[in-house]
Structure formats: structure tokens, C-alpha cells
Amino acid sequence: MSDAVDADQVVVALDVGGTGMKCALVRPDGVTVRTERHPTNASRGPTAVVGTILDVAEGLAEKARADGLTPIAVGIAVPGVVDEARGVAVWSANVGFRDVPLRDLAVRRLGLPTTLGHDVRVGGLAEARLGAGRGTGHVLFVAIGTGIAAAHVVDGRAAVGAHDAAGEIGHILVRPDGPRCGCGRPGCLEAIASASAIGRRYAELAGATADAPVTAAEVAERAAAGEPLAGEVWQEAVEALADGLATGQALYDVATIVLGGGLAQAGDRLLTPLRAALHERMTFHREPRLVAAALGDEAGCLGAALLALDAVGVRDHQEKR
Ligand SMILES: [Zn+2]
């Protein structure tokens, strides 16, 4: 760690998703000085996507220099299975990656130390250090979108796991007779409580009376407006989530659970019933604080930057900001 952080240092940070890349220049104190968005266009295939990642990263480094800033590292976050130690994107369905040595490719192109991270783990890192979990040493970040994944962050570090697969909280079994999950097994948490599962369940129950596909946000809205079917589906999801989070709390005993991803945008429509359901499930376990994520979709980019800064030994005291 270095206390002497130059004011002009920045990290080139990219958060690569299935549809878009969020990119930024981030200072060691966690402040973003430039942001860019680029389409991923994953259908072009992994080689083209990697080409775009490297072009964008190089472009950002050049822009930083043109502004009198010094790029000191590159942080890239991708979804799927990420081998952080080797810097390899092992597998990612929605970006089309299979054993892509992204770190080495970026080092070769940019000549800067590069860190590869997992999108949800770095998102959790950012929320724990700069966002809704700030000031607490033990944080569980749970991202609920098309799937459900988590990051367990202790003292500002996210556990990776022995096989790079920590945090797969979406595949906790909560309903043995429940719908089949994308992983092949019935009853996983994400088969019931992910945003896509909620929309699907509502459409299924509404049957022929269903209009266009209904999103989880709309289900939440209809439930709040008193529609019984939506209320039922929403409550099912809340109960399943509470079961999953209670298991998470039994395992990790965190101070704060931060909910992120699309579903967390439901705000109190999610948090209020979920707090109550989680409270009911606590026996001797201490109840965690349950809050919505604070950094929105910037979390991945900020987290990629933090991971890169950690790797080069620059860890400014972001929490004092
Ligand atoms: Zn599963």
C-alpha cells in the first residue's frame, strides 16, 4: 500500500457485459473522471469483442495522457467464470468467452499492469468500499437480475473461492419441487426470485389473459397497486429470497447485505417485505442491515478499478472520502 498517491494517477476500468461495456478513468480515491459506453455486440464472436475491449482500453489510456493524467493500471471485469489469478476469462455465455487470456492480451497492448475480475465480485467490492456497505467490514452483495449472484466482501476483499466460483447464491436450493433452473436442477433460488423468473412466473399464472411480457418491475408495481396475482408472485419471490439470504447470513454472518441488480430498483417494494421475511427467519443469527446498492450500474467499473489498484499496491483511503 502506498500513502503517496499522485493526484494525476488514473486506472483504466472496463465492465464488459453481454450488451454493453461501461468504461471509465478512475482515480485512486474512487472518483471517476471520465466515462464511456460502448456496445459489446457479442454476436460478432469473442475475437472481435476482445479487439473492442483492447481498442477501448487503449483509447481511454490515450485520452488520460492527453488530459495530463497518468494511467497506472487497467482493470477489466467480465461475467461468467473468471480465473483472477491467471487473468483468464474462463467461460462466459453472454459474452461468448472461452479461455480468453484477457489480462496478458491487455498487458501486451497497453504495457500497463492489468487485473481481470468477475463482474459481481468487483461490483460487491465497490459497494462494500465506496457504496452502500461503506464502513462495515463484512458485506454480502447480492445482484439480482437475469440471474442471482453474490460477493462476500471482508475488509475490502471479495472471496474468489478455490475454483473461482464463490458467491453462486442463486443456486442455493430453496424449493425442492420448484421450477427448473438454468443450471439443470429444480428449485434454485434464481429459478424463483431472479427478475426473469418473476416475469416468467407471472406470465405463466396469468396464462391467456397475459398481455405483452411482464417485467419484474411491472409485477412489483401491479402488486403494490393491489392486483392479487402480482401480489402472490411477488410474495413468492420475496419468501424465496429471504430463504436464500437467511442461508447466506448463516454462512457469512455479515453486518450488511447490499441488494443490487435490476430487481433492487424496486426499492422499498422489495426491501420492506424482504426485511420482514428475513427477520422472521433469524433465530440466534444476528440480523444484517438490508439495503439497496448505492452505485447503480457504475459499481462494476469502480470495482474493476479498485481491484487493479489493489494489485499494483495503490490503495488510497477511499472510505475516508
Ligand atoms: Zn441453479
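Whatever order the structure lists them in is the order used to number ligands and atoms, beginning at 1.
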Quiz item: Can you check whether R27 reaches V33 side chain to side chain, under 4.5 Å on heavy atoms?
Solution: yes
Quiz item: So, are R86 and D104 salt-bridged, with charged N and O less than 4.0 Å apart?
Solution: no
Quiz item: In the hydrophobic clustering (ILVMFWY, side-chain contacts below 4.5 Å, transitive), which residues join V88, or is it alone?
Solution: V81, V90, W91
Quiz item: So which residues get pulled into L173's cluster when ILVMFWY side chains under 4.5 Å apart are joined, directly or through others?
Solution: none
Practice problem: List for me each residue that meets salt bridge (Lys or Arg N to Asp or Glu O under 4.0 Å) alongside E287, sequence neighbours excluded, and say none if there are none. | Solution: none
Exercise. Among R222, E232, E236, find the residue that satisfies the side-chain hydrogen bond (donor to acceptor under 3.5 Å, both in side chains) test when tested with Y202.
Key: R222
Self-check item: Protein N/O/S count near the Zn ion (ligand 1) (criterion: distance under 2.8 Å)
Solution: 4
